[in-house]
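For reference, the structure is listed below as structure tokens.
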Number of protein chains: 2
Amino acid sequence: MTDIKSGTNPLFLRTDEIMQAIELLFFAYRDFTGEPDELLAEYSFGRAHHRVIHFVGRHPGITVSELLLILRITKQSLSRVLGQLIREGFIRQTPGPVDRRQRLLKLTTKGQELDDKLFDVQRQRIVRAYKESGAEAVAGFRSVLLNMMEENDRKRFSR
Amino acid sequence: MTDIKSGTNPLFLRTDEIMQAIELLFFAYRDFTGEPDELLAEYSFGRAHHRVIHFVGRHPGITVSELLLILRITKQSLSRVLGQLIREGFIRQTPGPVDRRQRLLKLTTKGQELDDKLFDVQRQRIVRAYKESGAEAVAGFRSVLLNMMEENDRKRFSR
DNA sequence: ATTTTATGTCAGTCATGTTGACTTATCTAT
DNA sequence: ATAGATAAGTCAACATGACTGACATAAAAT
């Protein structure tokens, strides 16, 4: 409301622009997750498995609690998908060397292969979008998404 | 793989950058949907209801089939949430004036009020991100997301 | 020795997606 | 005029991935 009343409201903050942002996120995210979902279905896995594989792949040796903090789900929810991934040999647990209560999570070779495949389909879509938009647009994309997320998680992206 | 081998691989196409893009989308989308989800919970609604309210609000008089094409869900899935929204007085149906098989969907005043509230929480987050990033970054954000979605839906965003 | 923490598990529920089969009303084309 | 196609709705069964709550075990911290 403040913006609408103000006479100095920049073009990119008009109601119509904000509405478009909402839909851009909806359509882009829908298609961004579409291809991985198809691949995962071949393994009878879902998006939840993807997220676990992704973050374990990115952070080998991550603990269950750390994973829970990132994913913001309950341990019961995580337990189901993580249990499947472990039983089917995609993820391996090893006791923490310092704190033996911890279970450090790592991808097995099989898990690494699936991670690679999943990364590859997403990489192709992103590379295409990045190439078609150019380096400057990519910087803008990064900046807006960073500022859109909770401050707490922005640290992950500092370079 | 092609990119990795190539000597002319721009910085913004490196594996690490692509990986960050994947996580940027995950965290930003998670937080972008978090606040609306809380608001919806007060009405015992979920994200599915939000999407219906949003697209009916944006396209008054939209038909059920058009909505199905946008949302890419089955009519049985839509039926459940749409039925609730109609029974609880958030959406009104009127027979199509030309084709009387169609049910044209519109928000009621009550539906409009919820739509406004939902828009407002999302608007605040986007305005903040946009302001902190600047007009040029916003253009880049738009461009990358547009190129990330299926070509078919890009028409919606032409200006 | 006691308490806290990290993890796991059992049980039940909910939201939202799916497939498949079938109905009704209405429009379109022969 | 009638036959087929289309728009919408419904019933039933099922899967996934969230949730809450209660409880168990092992190891660390106090």
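Lettering follows sequence order; numbering is per chain, from 1.
For an aromatic pair to be called close, the ring centres must be under 6.0 Å apart, and B:F26 with A:F55 satisfies this. Aromatic rings from B:F45 and B:F90 are positioned such that their centres are separated by under 6.0 Å.
Between B:L67 atom CG and D:dG9 atom C1' the separation is 15 Å, expressed in whole Å. One atom, CG of B:L40, and another, C1' of C:dC14, lie 15 Å apart when rounded to the nearest Å.
Counting heavy atoms from C-beta outward, B:E132 and A:V144 have side chains that stay 4.5 Å or more apart. When side chains are defined from C-beta on, B:I70 counts as touching B:I62, because their heavy atoms get closer than 4.5 Å.
With respect to A:D37, the salt bridge (charged side-chain N to carboxylate O under 4.0 Å, His left out) criterion is satisfied by exactly one of A:R51, A:R47, A:R30: A:R47. With B:D115 as reference, B:R58 is the one residue of B:H54, B:R58, B:H50, B:K110 to meet the side chain to side chain donor-acceptor pair (under 3.5 Å) rule.
No side-chain donor from either of A:H59 and A:E66 sits under 3.5 Å from a side-chain acceptor of the other. Side chains of B:R156 and A:Q20: a donor-acceptor N/O pair is absent below 3.5 angstrom, by distance only.
Within residues 43-59 of chain B, the residues approached by DNA chain C to less than 4.0 Å at the level of any non-hydrogen atom are B:G46, B:R47, B:A48, B:H49, B:R51, in residue-number order. Taking a 4.0 Å limit (strictly below) on heavy-atom distances, residues 92-102 of chain A reaches DNA chain C at A:Q93, A:R101, A:Q102. Contacts with DNA chain C (heavy atom under 4.0 Å) in residues 68-87 of chain B: B:R72, B:I73, B:T74, B:Q76, B:S77, B:R80, listed by number.
When the side chains of ILVMFWY residues are joined at heavy-atom separations under 4.5 Å, either directly or via intervening members, A:L118 and A:V127 end up in a single hydrophobic cluster.
Remark: B:L85 CG to B:Q93 CD distance equals 11.0 Å, nearest 0.5 Å.
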